[in-house]
Visitor: 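Shown below is the structure under consideration.
If you're wondering where the values come from, they're calculated on a predicted model, not measured in any experiment. Chain letters run A, B, ... following the sequence lines, proteins first and then strands; every chain starts at 1.
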2 protein chains.
Amino acid sequence: MLTTCCLPLTQEPLTAGQAESLAHGFKAVGDPIRLRLLSLIASQDGGEVCVCELNDGFELTGPTISHHLKVLREAGLITSERRGTWVYYRAVPEVMARLSAVLAPAAERV
Amino acid sequence: MLTTCCLPLTQEPLTAGQAESLAHGFKAVGDPIRLRLLSLIASQDGGEVCVCELNDGFELTGPTISHHLKVLREAGLITSERRGTWVYYRAVPEVMARLSAVLAPAAERV
DNA sequence: AAACTGTCTAGACAAGCATCGAAACAGTCC
DNA sequence: GGACTGTTTCGATGCTTGTCTAGACAGTTT
């Protein structure tokens with residue numbers, strides 16, 4: 001996963017290995033539904049949100065939402081925690097920040 | 001395309017329209033080859049690079065590289081300019097910055 | 001333990017996508 | 001205009017992915 005990485009790519013070309021790893025993260029948010037799910041989770045006051053609340057915002061079935069959440073989880077962008085019958089999701093800011101940094105303008109080179 | 005957008009998604013959930021637009025950009029860089037191509041173009045001294053130079057760095061055929069460049073171009077991440085038989089590519093920093101900003105940590109809220 | 005609610009996983013299917021070789025297009029040189 | 005180089009587009013193919021339903025799993029209540 002995204003264990004070590006990366007200067008803005010405006011400064012230095014990515015290696016094949018870095019690109020492979022980063023692309024996995026970008027591909028995860030390269031779907032509108034998943035991007036919206038991540039935004040709902042990441043913007044949540046209190047830092048976490050129950051999957052039962054997420055389902056309501058989409059016209060997709062529960063299994064489909066669950067599948068999308070799994071993709072985000074496997075990309076390291078969110079974590080999940082079961083409490084009783086309920087499952088709560090949190091965003092992982094560090095992973096988002098890494099993806100963000102790679103595309104950042106060169107002006108942030110300092 | 002990415003005409004108007006977007007606070008960090010940690011601050012506010014994305015609308016379906018915003019997500020649709022942004023996801024298009026993220027999907028474009030969600031492929032390792034395309035991510036490497038973008039990094040080669042964006043990090044180039046002089047700001048532009050000839051496609052003939054790009055092809056050498058990959059074990060793919062010319063048409064495949066051309067296809068990938070087209071995906072990046074349609075996502076607005078690069079522009080192309082033909083000069084004689086040669087075609088030169090440039091990165092579009094503003095579009096990269098927009099994608100970067102969306103995933104930026106909330107700490108940049110100021 | 002059985003019945004219930006909530007959630008995830010598996011499998012099928014249709015749509016989308018990365019790759020190649022062939023063909024078309026763009027420009028240069030003779 | 002024809003031959004050439006460089007590049008892009010087209011179409012076929014095999015692989016990947018988004019979506020659904022069915023079923024399995026996790027936890028709670030009776």
Visitor: In the single-linkage hydrophobic clustering (I, L, V, M, F, W, Y; side-chain heavy atoms under 4.5 Å), do A:L9 and B:V49 co-cluster?
Guide: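 Cluster IDs for A:L9 and B:V49 match.
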
Visitor: Can you tell me if the side-chain N/O atoms of A:Y89 get under 4.0 Å from OP1 or OP2 in C:dC8?
Guide: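 Checking C:dC8 against A:Y89, a side-chain N or O does come within under 4.0 Å of OP1 or OP2.
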
Visitor: Contact class for A:G62 (heavy atom, under 4.0 Å): base, sugar-phosphate, or nothing?
Guide: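 Since no nucleic acid heavy atom lies under 4.0 Å of A:G62, the category is nothing.
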
Visitor: If you check every side-chain atom of B:C52, which of D:dG27, D:dT7, D:dG18 has the closest atom?
Guide: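 In terms of side-chain proximity for B:C52, the closest of D:dG27, D:dT7, D:dG18 is D:dT7.
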
Visitor: With the side chain of A:H67 defined as its heavy atoms from C-beta on, choose the nearest nucleotide among C:dC20, C:dA18, D:dG18.
Guide: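 Selected nucleotide (nearest to the side chain): D:dG18.
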
Visitor: Could you work out which one of D:dT9, C:dG27, C:dC20 sits closest to the side chain of B:R73?
Guide: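 Looking only at side-chain atoms, B:R73 lies closest to D:dT9.
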
Visitor: Check the phosphate of D:dT17 against A:K27, side-chain N and O only, distance under 4.0 Å to OP1 or OP2. Yes or no?
Guide: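 Checking D:dT17 against A:K27, a side-chain N or O does come within under 4.0 Å of OP1 or OP2.
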
Visitor: Under 3.5 Å, is there a donor-acceptor pair linking the side chains of A:S43 and B:T10?
Guide: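 No - no donor-acceptor pair under 3.5 Å links their side chains.
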
Visitor: Side-chain heavy atoms under 4.5 angstrom apart, residues restricted to Ile, Leu, Val, Met, Phe, Trp, Tyr: same cluster for B:V71 and B:F58?
Guide: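 Unlinked, B:V71 and B:F58 end up in two clusters.
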
Visitor: Going through the checks in order, is the side-chain contact (heavy atoms from CB on, under 4.5 Å) test met by A:Q18 and A:S21?
Guide: CA-CA 5 Å; A:Q18 291 172 325; A:S21 181; 5.9 Å; no

Visitor: Measuring from the side chain of A:S66 (C-beta onward, heavy atoms only), which nucleotide among C:dG21, C:dC8, D:dG18 has the closest atom?
Guide: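 Side chain of A:S66 sits closest to C:dC8.
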
Visitor: Does a nitrogen or oxygen in the side chain of A:T61 sit under 4.0 Å from OP1 or OP2 of D:dC20?
Guide: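 For D:dC20, OP1/OP2 do have a side-chain N/O of A:T61 under 4.0 Å.
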
Visitor: Quickly work out the A:L69 CG to D:dT17 P distance and round it to whole Å.
Guide: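 In whole Å, D:dT17 P and A:L69 CG are 17 Å from each other.
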
Visitor: When you match A:V71 and B:S80 each to their closest nucleotide on DNA chain D, which lands nearer the 5' end?
Guide: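 Closer to the 5' end of DNA chain D: B:S80.
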
Visitor: Separation of B:H24 atom NE2 from C:dC17 atom P, in whole Å?
Guide: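 Atom-to-atom, B:H24 to C:dC17, this comes out as 10 Å.
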
Visitor: Count I, L, V, M, F, W, Y as connected when their side-chain heavy atoms are under 4.5 Å apart, and connections chain through other members. Are B:L40 and B:V87 then in the same cluster?
Guide: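 Yes: a chain of side-chain contacts under 4.5 Å links B:L40 to B:V87.
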
Visitor: Looking only at side-chain atoms of B:P63, point me to the closest of D:dA22, C:dT7, D:dT8.
Guide: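 Closest of the options to the side chain of B:P63: D:dT8.
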
Visitor: Which whole-number value in Å describes the distance from B:K70 NZ to C:dT19 P?
Guide: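 Atom-to-atom, B:K70 to C:dT19, this comes out as 16 Å.
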
Visitor: If you check the A:C50 side chain, which of C:dT9, D:dC20, C:dT7 turns out closest?
Guide: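 The answer is C:dT7, which lies nearest to the side chain.
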
Visitor: Output the single nucleotide from C:dG6, D:dT19, D:dT8 whose closest atom is nearest the side chain of A:T64.
Guide: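 Nearest listed nucleotide: D:dT19.
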
Visitor: Once you round it to whole Å, what is the distance between P of C:dC25 and CZ of B:R82?
Guide: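 Going from CZ in B:R82 over to P in C:dC25 covers 13 Å.
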
Visitor: If I take atom CD in residue B:E53 and atom P in nucleotide D:dG6, what distance separates them, rounded to the nearest angstrom?
Guide: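 Going from CD in B:E53 over to P in D:dG6 covers 13 Å.
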
Visitor: For DNA chain D, which residues of residues 32-39 of chain B approach it to below 4.0 angstrom with any heavy atom?
Guide: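 Close to the strand, none.
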
Visitor: Starting at atom CD of A:E59, determine the distance to atom P of D:dG18, rounded to an integer number of angstrom.
Guide: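 Spelled out: CD on A:E59 to P on D:dG18 is 18 Å.
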
Visitor: The side chain of A:W86 lies closest to which of these nucleotides: C:dG6, C:dA26, D:dT19?
Guide: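 Between C:dG6, C:dA26, D:dT19, the one nearest the side chain of A:W86 would be C:dG6.
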
Visitor: Please identify which of these residues, B:L77, B:T79, B:L69, meets the side-chain contact (heavy atoms from CB on, under 4.5 Å) condition with B:I41.
Guide: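 Exactly one candidate clears the test, B:L69.
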
Visitor: Could you tell me whether B:E48 and B:R83 have a side-chain N and a carboxylate O separated by less than 4.0 Å?
Guide: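 Judged by the 4.0 Å cut-off on N to carboxylate O distance, B:E48 and B:R83 do form a salt bridge.
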
Visitor: Toward the 5' end of DNA chain D, which comes first, A:R83 or A:H68, by nearest nucleotide?
Guide: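 First, find each residue's nearest nucleotide; the 5'-ward one identifies A:H68.
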
Visitor: What is the distance, to the nearest angstrom, from the CG atom on A:D31 to the C1' atom on D:dG18?
Guide: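 Distance, rounded to whole Å: 7 Å.
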
Visitor: I'd like to know if B:L103 and B:V95 are part of one continuous hydrophobic network [Ile/Leu/Val/Met/Phe/Trp/Tyr, side-chain heavy atoms within less than 4.5 Å].
Guide: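 As far as the 4.5 Å side-chain criterion goes, B:L103 and B:V95 are connected within one cluster.
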
Visitor: Starting at atom CG of A:L60, determine the distance to atom C1' of D:dT21, rounded to an integer number of angstrom.
Guide: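 Nearest whole value for this atom pair: 14 Å.
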
